[in-house]
Amino acid sequence: MSLTLSEKAKAVKPSSTLAITAKAKELKKSGVDVVGFGAGEPDFNTPKNICNAAIKAIETGFTKYTPASGTNELKAAISKKFRDFNGLDYAPNQIVISNGGKHALTNIFDAILNPGDEVIIPAPYWLSYPEMVKLSDGVPVFVYGAKENGYKITAEQLDKAITDKTKAFVLNSPSNPTGMVYSKKELQALAEVIVKRDIYVVADEMYEYLTYDKAKHVSIASLGEDIYKHTITCSGLSKSYAMTGWRIGYTGSSVEIAKLMSAMQSHATSNPNSIAQFASVEALTGPQDDMQKMKDEFDKRRVHMYERVKAMPYVDVMKPEGAFYLFIDMSEALKKSYKGENLETSAKLAEHLLNDYAVAVIPCADFGFPTHIRLSYAISMEQIDKGLDRIETFLKELK
Ligand code: PLP
C-alpha cells in the first residue's frame with residue numbers, strides 16, 4: 001500500500017472567498033489601506049446579553065459534554081422560534097443542533113444521499129453547496145436563474161431538471177450571493193413540483209431574519225403538510241445574531257432524519273460547544289433589540305450602496321431584498337480593457353482592483369456566475385464609501 005491520498009478530498013476546491021479575504025488581510029498587514037467587500041459575516045460584536053450568558057455558562061461549570069444533538073433547553077428554544085417566526089411545528093426530537101450551519105448542511109447531505117444521487121442547485125449558488133454534495137457522494141446539477149427573474153429559478157425549470165436520479169433540491173432564500181428572496185407564490189409553485197416529483201428540498205434559511213422593504217421570509221415547509229414532509233429546514237445563529245465564531249446551526253426534519261444526523265454527529269464531533277449552546281438560548285429567548293439595530297444598519301447601507309453602484313458606468317445591479325450582499329453584473333465592464341489588456345473575467349477584474357486600488361471584491365465564478373462580482377455591506381458606511389470611490393475611479397479608467 002503506497003501513501004496515496006483520498007481522491008474525494010483532493011477533488012475539493014478550496015474556498016475562493018477565503019483566498020481573496022486572506023490576500024486582502026495580508027496586504028492590510030503590510031500597511032496597505034485595503035477596503036474589504038468580501039466579508040461573509042456581520043461586522044458587529046455579538047450582543048452583550050449573549051456574551052454574558054456565555055460567561056455565566058463558564059462560571060457555573062456548564063462546560064461538559066451535552067447530548068450529541070444539543071441540549072434540551074436549546075432545542076426547546078429553537079422549537080419555539082420555529083413556531084413563532086417560521087410557522088413550523090418541529091418538536092425537540094425533530095431538531096439537531098450542530099457546529100454551525102455548514103455542519104448542519106453536511107449532516108443533511110450525509111443523511112439523505114447515496115452515491116450518484118443528483119442534487120439540484122440553483123445558480124448563482126453559495127459556493128459550498130457543490131463541494132458539500134460531492135463530499136457526500138452526490139452529484140450537483142446546476143439550474144441557472146434568469147437575471148430578469150431576480151436570478152431565481154422557476155417551478156418549470158425545476159421540473160425540467162429533475163431526473164430519476166434526483167434526490168434533492170437546495171433552496172437558499174434569502175440568497176447568498178444575490179440577496180434575492182423567493183415570494184410565497186414562487187415557493188408554492190416550487191413546492192408543488194417537489195411534492196409531485198417526490199424529492200427532498202433542503203431549505204437553507206440562514207439569512208431568514210435579514211429581509212428588507214416589503215420582502216418577507218417564508219419557510220417553504222410552512223406551506224402545507226405534504227411539502228413539510230419533503231423539507232429539511234436549516235438555519236443558525238451566525239448571521240442574524242453576529243455569532244459566526246460561536247458555531248451554532250440547526251435543522252428541523254422528520255424524526256427519522258434527525259435520528260440519522262444525530263447518530264452521525266455523535267461519532268464525528270459529539271455535541272456542539274456547551275458554552276455556545278447556553279448562550280444561544282439567551283440569543284433566541286432574550287431581548288431582540290440588538291438584532292433589530294444591526295438589521296436597521298444593514299438596511300441603511302444596502303440602500304446607500306445600491307444607489308451608488310447603480311450610478312456607476314458598465315455595471316448592472318438589482319436592489320437586494322435580503323442578506324447583506326450586492327450581486328453585480330460586470331458583463332459590460334469585462335468587454336473593456338485596463339492598462340491595455342482585455343479584462344475578460346471577473347477574477348482578473350478583482351485582481352486589478354485589489355492590486356491597484358486596494359479593494360477586495362468577490363469574483364463569482366465559484367458561485368456559478370463568472371461575469372458577476374459580490375460586494376458585502378457587512379462593513380461600515382465609511383469603508384463602503386471609500387471602497388466605492390475607488391471602484392468608480394477604476395471603472396472610469398476602462399477603455
Ligand atoms: N448558508 C449560507 C447561504 C451561508 O452564506 C453560510 C455562511 O456563509 C452558511 C449557510 C453557513 O453558516 P455558518 O457560519 O453557521 O456555518
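Below, each value reflects all heavy atoms present in this structure, side chains not excepted, and no hydrogens, waters or symmetry copies. Start at 1 and go down the list; that is how both ligands and their atoms are numbered.
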* **For ligand 1, the portion of His103 having any non-hydrogen atom under 4.0 Å away** => neither
* Asked: Among protein heavy atoms, which sits nearest to atom 8 (O) of ligand 1, and what does the distance come to when rounded to 0.1 Å?
  -> Lys239 NZ, 2.7 Å
* Which of the atoms in ligand 1, numbered in the order shown and given with their element, are less than 4.0 Å from a heavy-atom of Ser238? -> 13 (P), 14 (O), 15 (O)
* **Under-4.0 Å heavy-atom contact with ligand 1, by part of Met206 that carries it** => side chain
* **Glu59/Lys56 salt bridge by N-O under 4.0 Å criterion** => no
* Structure fact -> ligand 1 atoms nearer than 4.0 angstrom to some heavy atom of Asn176 are 3 (C), 5 (O)
* Asked: Can you pull the ring pair (Phe, Tyr, Trp, His ring centres under 6.0 Å) pairs that have at least one residue in residues 86-105, sequence neighbours excluded?
  -> Phe82-Tyr90, Tyr90-Tyr228
* Structure fact -> Here the side-chain hydrogen bond (donor to acceptor under 3.5 Å, both in side chains) pairs for residues 277-286, sequence neighbours left out, are Asn49-Glu282, Thr66-Gln277
* Structure fact -> The atoms of ligand 1 lying under 4.0 Å from a heavy atom of Asp204, numbered in the order shown, are 1 (N), 2 (C), 3 (C), 10 (C)
* Tyr338 and Tyr357 aromatic ring geometry - parallel, tilted or perpendicular at 30°/60° bounds -> tilted
* Asked: For atom 14 (O) of ligand 1, what is the nearest protein heavy atom, given as residue, atom name and distance?
  -> Arg247 NH1, 3.0 Å
* Quick one: do Asp198 and Lys167 make a salt bridge, cutoff under 4.0 Å? -> no
* Contact atoms of ligand 1, heavy-atom distance to Tyr129 under 4.0 Å -> 3 (C)
* Taking the inter-plane angle between the rings of Tyr207 and Phe324 on a 0 to 90° scale, is it parallel (under 30°), tilted (30 to 60°) or perpendicular (over 60°)? -> perpendicular
* Asked: Does an N or O from Gly101, backbone or side chain, lie closer than 3.5 Å to an N or O of ligand 1?
  -> yes
* atom 6 (C) of ligand 1: nearest protein contact (heavy atom, Å) -> Trp126 CZ2, 3.4 Å
* Only one of Asp296, Asp385, Asp43 clears salt bridge (charged side-chain N to carboxylate O under 4.0 Å, His left out) with Arg301; which? -> Asp43
* To do: Enumerate the atoms of ligand 1 whose separation from the nearest heavy atom of Asn172 is less than 4.0 angstrom.
  => 3 (C)
* Given that the side chain starts at C-beta and the backbone is N, CA, C, O, which of these parts of Glu41 lies under 4.0 Å from ligand 1, counting heavy atoms, or is it both or neither? -> neither
* To do: Answer yes or no: does atom CG of Asn45 have more than 12 heavy-atom neighbours from other residues, nucleotides or ligands under 6.0 Å?
  => no
